[in-house]
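Below, all heavy atoms of this structure are taken into account, side chains as well, without hydrogens, waters or symmetry copies. Counting from 1, the numbers follow the sequence of the chain as shown.
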Amino acid sequence: MKGANLFRQHWAALRALLVFTVILGVGYPLLIWLLAQLPGLHDKAQGSVIRVDGKPVGSRLIGQSFSDAAGNPLPQYFQPRPSASGYDPLASGGSNLGPEDIVDTAARKSLLTLVCSRSKVVGDLEGVDGSRPFCTGSGVGAVLSVIGPRDDRGNVVHPTRVVSVNEPCTTTGRPFLNSYNGIRVECARAGEDYSAGQLVPIRGAAPTDPRVPADAVTASGSGLDPDISSAYAEIQVDRVARVRHVTAEQIRAVVRQTGGNRVNVLVLNLELDRKYPLTGG
């Protein structure tokens, strides 16, 4: 009797396994594949690949760099957002750095310094003001370590020493700020520990609305964002027009044609190559 019950239980389990294998292992994947063949879905299911002369050059959904072998931006192209993954689809992800990450270490740069340095690089490349709040002129986070006795809330009440923690003396020769609360500001020395001090970000005189937009200095959560804002596209117009020997308005017309508030960088650059190709090498 027990053997018969055991057989029935195993036979029921085997039938359930076969049924669910057919439904979930064959039927469901087949249904999804058939749906992906419908008009309007097929291109997306295939990765939204863009081809030029029959050859794949990228995807509408995945950003890519437009730089030379040394990593320098190619001046004839619009540049994409920064990427924490190097635009590698297999390494998609963000930097996992938050707004409180403001102090550089020997191992890596803080998020604040990454933003500051990118803003300076973009500003220099595009010929616009790359300054932004809480950044020094050299492109690092403007952060002081204020050392001295503290009150009950942990705030330093009588500073005895103030150090600009993100700027080594060997880099700038002097700190970005001469004094803080009457105390001379020192620039950090490599290898010294200033963690005993209270960290104080200094806003500086940069405009509230920086000329270099946020998407030019921050990576997306995936690291693969294919689009940039119209504001970031706008500050690149003059450079691209100059290199391609056309007017800025001609380049703006292509930007408007290929996007609105969001501009797909690959689509835009391909259209520029088609409409205004480089001549003379």
Side-chain angles (χ1 to χ4, degrees), residues 71 81-85 93-221 223 229 231-232 235:
R81 290 188 70 168
S83 170
S85 67
S95 66
N96 295 324
L97 303 179
E100 295 183 356
D101 189 66
I102 61 175
V103 178
D104 300 345
T105 67
R108 63 170 180 81
K109 300 297 184 182
S110 65
L111 177 61
L112 177 59
T113 286
L114 285 176
V115 168
C116 295
S117 61
R118 288 166 179 165
S119 191
K120 185 177 187 307
V121 168
V122 172
D124 292 344
L125 177 65
E126 310 303 348
V128 299
D129 181 10
S131 65
R132 60 194 319 113
F134 304 105
C135 296
T136 72
S138 64
V140 301
V143 181
L144 302 178
S145 175
V146 182
I147 303 170
R150 303 194 184 205
D151 60 19
D152 294 340
R153 297 182 177 180
N155 297 317
V156 173
V157 290
H158 299 295
T160 58
R161 189 183 180 194
V162 181
V163 182
S164 173
V165 293
N166 289 336
E167 284 191 317
C169 290
T170 54
T171 302
T172 63
R174 59 186 179 83
F176 70 93
L177 195 65
N178 290 327
S179 64
Y180 177 80
N181 284 357
I183 304 297
R184 182 180 65 86
V185 177
E186 309 169 25
C187 47
R189 298 185 182 277
E192 289 196 20
D193 182 11
Y194 304 105
S195 59
Q198 178 184 355
L199 295 178
V200 179
I202 303 298
R203 189 196 179 285
T208 302
D209 186 15
R211 187 75 175 85
V212 177
D215 62 312
V217 298
T218 57
S220 65
S229 66
Y232 188 21
I235 67 172

What pair of heavy atoms forms the shortest contact from [X] to [Y], and how long is it?
X	Y	result
A206	P133	CB-N, 3.5 Å
P82	T218	CD-O, 3.6 Å
A84	A219	N-CB, 3.8 Å
G197	S145	CA-OG, 3.3 Å
V185	L177	CB-O, 3.1 Å
V122	A216	CG2-O, 4.1 Å

I need the single residue from L199, I183, V200 that forms a side-chain contact (heavy atoms from CB on, under 4.5 Å) with V146. Which is it?
V200
Can you tell which of D104, V140, T113 makes a side-chain contact (heavy atoms from CB on, under 4.5 Å) with E167?
V140
[atom1]/[X] to [atom2]/[Y] distance, rounded to the nearest 0.5 angstrom?
X	Y	atom1	atom2	result
S164	F176	OG	CZ	4.5 Å
R81	R118	CZ	CZ	9.5 Å
L114	K109	CG	NZ	9.0 Å

Which residues pass the salt bridge (Lys or Arg N to Asp or Glu O under 4.0 Å) test with R132, sequence neighbours left out?
none
For R161 and E192, what are the C-alpha separation, side-chain angles and deciding distance, and is it a salt bridge (Lys or Arg N to Asp or Glu O under 4.0 Å)?
CA-CA 14 Å; R161 189 183 180 194; E192 289 196 20; 3.7 Å; yes
